[in-house]
Amino acid sequence: MELPEVEVMRRDLEKDVVGRRIGKVDVRPQKNALTIIKKHHRTRKEFAGLLEGRKITGIERRGKYLLVKLDDDSVLVVHFKMSGRFVRGRKGSELQPHTHVHIEFAQGGDLRFVDPRAFGRMFVAPADKLETMAELQKIGIDPLEHTFTWPEFSAKLAERRMKLKPLLMDQEFIAGLGNIYSDEVLFAAGLRHDRKSDELSSQEVRRLYRAIQEVVQDAIRFRGTTLEDQAYVDLFGNPGENLTELKVYGRRGLACRRCRSPIEMVKISGRGSYFCPVCQT
DNA sequence: GTTTAACCCTGCACGC
DNA sequence: TGCGTGCAGGGTTAAA
């Protein structure tokens with residue numbers, strides 16, 4: 001899940017769970033359930049105890065991190081990684097496989113953290129400690145924030161000497177882009193993945209800046225990208241509609257939507273990276 | 001500072 | 001049919 005999917009999830013949760021009080025919390029018995037919380041919590045009970053009885057007061061997002069704010073000034077921090085997601089359930093309905101954390105609400109209904117690959121992570125921490133925690137301290141500028149300005153972006157690009165694709169995916173540099181949207185951004189900007197960040201013309205920097213905002217905003221408008229594997233669906237189980245909007249990701253060998261040349265794929269540090277060899281220079 | 005690779009994990013596509 | 005293999009992917013960590 002990348003920024004747009006986390007943002008859609010944030011907005012859904014904001015409408016649906018803010019104001020609810022948490023009843024019983026169950027970290028499920030399977031080993032993977034413990035894996036998800038164990039970095040910051042020794043036992044299932046400790047984690048559950050920090051949530052039980054609390055009221056949800058707001059939902060925020062930092063890059064790909066989701067922050068569930070609680071009424072005792074603590075925060076449930078969630079990272080969905082690849083296959084994690086929240087599912088709204090009805091009381092008493094069966095838990096689907098790979099449900100690792102089950103949060104019941106006092107007034108009925110529940111929230112389930114489901115994650116087949118168990119890469120996702122959750123922890124509870126005091127709000128005032130968040131800024132000093134390793135996970136969130138290093139988060140870079142968020143492309144939806146008003147602080148993401150062209151002059152600042154331009155200056156930051158110039159002080160690095162990295163290839164654009166890994167730089168766009170670096171969460172310390174800019175927060176929220178993953179493998180799918182970094183490819184889409186580079187296509188929208190007409191730039192190759194291996195162009196160096198400090199060797200762009202000011203026109204190219206501006207194209208890149210615009211592309212980031214457009215790709216992210218469009219993906220949110222289409223409620224995120226649901227690939228064939230259905231790894232991402234929204235809070236209520238509905239797929240996003242951004243898949244058909246993708247210009248390059250997953251389209252190896254297919255005709256470029258702009259120039260009809262075949263889309264190419266190369267491996268960049270283990271990740272498939274898609275681009276048009278004609279449109280991107 | 002930059003670059004690469006391994007690791008975590010399951011589901012699925014593939015070949016034999 | 002059934003098995004083994006390889007791949008997907010975000011972030012962390014280690015190593016080159």
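Within every chain, numbering begins at 1; the chains are lettered A, B, ... in the order of the sequence lines, protein sequences first and strands thereafter.
- Side chain to side chain, A:N32 and A:H100 fail the donor-acceptor criterion of an N or O pair below 3.5 Å.
- Contacts of A:D115 with the nucleic acid, taken as non-hydrogen atoms under 4.0 Å apart, are absent.
- Put simply, A:F119 rests on the base of B:dC8: the two rings are less than 5.5 Å apart at their centres and nearly parallel, under 30°.
- Protein atom CZ of A:F80 is 16 Å distant from nucleotide atom C1' of C:dG11, rounded to whole Å.
- What separates NZ of A:K31 from C1' of B:dC8 is a distance of 11 Å, to the nearest Å.
- Aromatic ring centres of A:F86 and A:F80 lie closer together than 6.0 Å.
- Atom CZ of A:R121 is separated from atom P of B:dC7 by 16 Å (rounded to the nearest Å).
- Checking the phosphate oxygens (OP1, OP2) of C:dG11, a side-chain nitrogen or oxygen of A:K64 falls inside 4.0 Å.
- For the pair A:P97 and A:K81, nearest-nucleotide mapping onto DNA chain B gives the more 5' position to A:K81.
- Here B:dT4 presents its C1' atom at 16 Å from CG of A:D194, a figure rounded to the nearest Å.
- Distance, A:H100 NE2 to B:dC8 P: 16 Å, rounded to whole Å.
- Considering A:L186, A:L168, A:L144, A:L3 in turn, A:L168 is the only one that fulfils the side-chain contact (heavy atoms from CB on, under 4.5 Å) rule with A:I212.
- The side chain of A:N32 has B:dC9 as its nearest neighbour among B:dT3, B:dC9, B:dT2.
- The closest side-chain donor-acceptor pair between A:R192 and A:S273, if any, does not fall under 3.5 angstrom.
- A:R160 comes within 4.0 angstrom of the backbone, heavy atoms only, and of no base.
- For A:H79, counting side-chain heavy atoms from C-beta on, the closest listed nucleotide (C:dG11, B:dC9, B:dT3) is C:dG11.
- Nearest nucleotide to the A:M162 side chain, out of B:dT2, B:dG11, C:dT12: B:dT2.
- In this structure, A:K156 forms a cation-pi arrangement with A:F173, its terminal cationic atom sitting closer than 6.0 Å to the ring centre and no more than 45° off the ring axis.
- Note: CG (A:L66) to P (C:dG11) measures 14 Å, nearest angstrom.
- Residue A:L227 contributes atom CG, which lies 14 Å from atom P of B:dA13 at whole-angstrom precision.
- Within the nucleic acid shown, A:Y232 has no heavy atom closer than 4.0 Å to any nucleic acid atom.
- The distance between atom CZ of A:R117 and atom P of C:dC7, rounded to the nearest whole Å, is 14 Å.
- Proximity note for A:H98 (side chain, C-beta onward) versus C:dG11, B:dC9, B:dG11: the nearest is B:dG11.
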